[in-house]
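A short write-up of the structure that comes next.
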Amino acid sequence: MAAKTFISALFLCLILSSTSILSHSYNYYPQIKPCKELVFYFHDILYKGNNRNNATAVIVGAPEWGNKTAVAQPFNFGDLVVFDDPITLDNNLHSPPVGRAQGMYLYDQQNTYNAWLSFSFVFNSTEHKGSLNFAGADPLLNKTRDISVIGGTGDFFMARGIATLMTDAFEGDVYFRLRADIKLYECWK
Amino acid sequence: MAAKTFISALFLCLILSSTSILSHSYNYYPQIKPCKELVFYFHDILYKGNNRNNATAVIVGAPEWGNKTAVAQPFNFGDLVVFDDPITLDNNLHSPPVGRAQGMYLYDQQNTYNAWLSFSFVFNSTEHKGSLNFAGADPLLNKTRDISVIGGTGDFFMARGIATLMTDAFEGDVYFRLRADIKLYECWK
Amino acid sequence: MAAKTFISALFLCLILSSTSILSHSYNYYPQIKPCKELVFYFHDILYKGNNRNNATAVIVGAPEWGNKTAVAQPFNFGDLVVFDDPITLDNNLHSPPVGRAQGMYLYDQQNTYNAWLSFSFVFNSTEHKGSLNFAGADPLLNKTRDISVIGGTGDFFMARGIATLMTDAFEGDVYFRLRADIKLYECWK
């Protein structure tokens with residue numbers, strides 16, 4: 001009987017211990033739900049030489065054949081843009097911003113529209129304080145594009161995840177609006 | 001008695017197993033102490049057209065209204081700067097550097113001073129070999145600003161954490177010194 | 001006897017539980033094998049004013065003393081380059097590309113060759129779909145240089161690791177080929 005007790009207890013230990021291992025490893029597979037999901041829109045108005053007051057983005061680097069007041073041809077290839085775009089909760093440019101999307105993007109392909117992004121979402125609203133940092137390729141003709149959430153601060157301390165970008169509006173070379181579906185898989189807060 | 005033994009053993013297993021779960025999860029909350037803390041200063045001397053020999057940073061991108069030998073007005077908006085700044089252990093520009101802060105920063109706001117940083121600390125001292133990589137927004141009028149440690153190599157293999165930046169000195173447009181309080185929360189080495 | 005049983009079971013619980021802790025912590029030390037290893041080559045052909053058709057990289061930012069059709073002297077210091085380079089499985093520029101290396105690099109040192117990289121590998125082959133994002137310093141005269149894998153998408157969902165870069169070929173200012181040995185230590189997929 002004592003022996004049986006011993007074995008049973010041992011057996012249960014094995015189950016419990018392995019559970020504790022699995023319950024951790026599980027965190028490392030995408031099947032799990034994200035620990036946080038957020039949806040934002042940001043709005044980019046490019047400086048074209050005559051709209052400095054309402055521009056939120058400006059070309060600061062261009063190829064030999066480009067300039068600072070018009071996108072390079074073809075495909076904006078070689079343009080490097082610094083931006084400070086309002087972030088809104090809906091797709092309305094005039095909604096009260098909940099933060100700013102700040103950083104840079106560049107166009108890096110000669111034969112199609114393709115961008116590369118490196119920027120931060122900086123929040124200062126009642127809902128969110130802190131920042132999320134992003135980096136990744138943005139093949140903007142694709143319906144959706146995934147970039148990496150490489151870190152965060154404040155409410156998003158040490159966050160990691162994926163942001164899925166969608167072009168929600170595109171008006172010539174002057175205005176575009178991106179929808180960002182952010183899924184965090186590492187949440188420390 | 002045997003039954004009681006069994007239950008007690010089982011009970012203890014539960015405690016031990018859950019402890020092992022908690023002891024891990026706990027790592028995922030900022031309450032814990034960082035696994036490594038470091039404090040450095042780095043020193044940035046901007047090229048203004050006449051100080052090439054001692055400049056550590058140079059404007060390489062500027063808006064239409066800017067140029068490469070003076071910051072753009074207002075608020076340096078649109079300037080993109082490449083830098084290679086000495087890192088010191090104290091706030092003295094002339095202390096022996098323990099490494100170099102290398103990468104880029106840009107000014108992305110039209111109505112205030114706001115920068116965005118993407119750079120590395122490259123160490124090659126007796127104390128540290130390897131690098132730490134950073135990215136984040138730097139609203140430089142705030143007393144402290146948090147950016148992300150997005151990775152590391154060598155002694156800082158796979159590191160992640162937060163760097164809190166403080167402007168330790170600021171002399172016009174030519175020289176500034178930042179203090180970086182680095183707290184790593186993921187240490188693999 | 002029952003007591004002895006109890007103690008033995010308890011002792012085993014301790015071993016098992018601590019095992020489960022270690023087996024996790026162990027993941028956090030580089031001694032372990034990477035969870036994924038990849039080797040790629042990418043090929044960079046810089047635009048020099050007369051090779052637009054086959055160029056894969058273009059200077060978009062330069063210091064006051066530089067220009068967009070030739071590297072700045074000395075040491076390319078201050079040049080910022082946007083690139084879209086083919087990725088191949090071997091060192092042959094003309095092998096079928098398995099993806100594109102897209103992003104930017106800059107030269108940030110006045111007294112030697114030193115670059116800083118921020119880019120993505122974008123895969124769209126039968127073998128790999130998705131992207132890996134990189135950042136780090138590239139002291140290109142060193143035989144090997146480590147940069148950080150700061151995130152990934154698709155097949156490389158949430159990946160982190162280290163990429164070791166080697167200059168596999170260098171032809172003046174026009175062409176270079178890098179070999180990237182990628183070791184992932186965080187694999188979620």
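What's counted below: heavy atoms across the whole structure, side chains too, no hydrogens, waters or symmetry copies. Letters go in sequence order (proteins before strands), and every chain restarts at 1.
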Measuring heavy-atom distances to chain C, does A:Leu117 have an atom under 4.5 Å in its side chain, in its backbone, in both, or in neither?
-> neither
Examine whether an atom of A:Tyr107 lies under 4.5 Å from a heavy atom of chain C, and if so say whether it belongs to the side chain, the backbone or both; otherwise answer neither.
-> backbone
Would you say the side chains of C:Arg177 and C:Tyr41 form a donor-acceptor pair under 3.5 Å?
-> no
Region of [X] that comes under 4.5 Å of a non-hydrogen atom in chain A:
| X | result |
| --- | --- |
| C:Ile59 | backbone |
| C:Ala159 | backbone |
| C:Leu80 | side chain |

By ring-ring contact (aromatic ring centres under 6.0 Å, His included) - contacts of C:Tyr47 (at least two apart) = A:Trp65
Look at C:Gln102, C:Met104, C:Lys68 and state which one has the largest set of heavy-atom pairs under 4.5 Å with chain A.
-> C:Gln102
Tell me, out of C:Met158, C:Arg52, C:Arg160, who's got the most heavy-atom pairs with chain A below 4.5 Å.
-> C:Arg52
Restricting to pairs with a member in residues 69-79 of chain C, which pass side-chain hydrogen bond (donor to acceptor under 3.5 Å, both in side chains), not counting sequence neighbours?
-> C:Asn67-C:Thr69
Has the side chain of A:Thr164 got a donor or acceptor atom that lies under 3.5 Å from a matching backbone atom of A:Arg145?
-> no
Using a cut-off of under 4.5 Å on heavy-atom pairs, state which of A:Ala62, A:Gly61, A:Gly136 scores highest against chain C.
-> A:Ala62
Under 6.0 Å between the ring centres of C:His43 and C:Phe176?
-> no
Let me see the working for A:Phe42 and A:Phe119 under ring pair (Phe, Tyr, Trp, His ring centres under 6.0 Å), right down to the final yes or no.
-> CA-CA 12 Å; A:Phe42 59 108; A:Phe119 65 101; 5.7 Å; yes
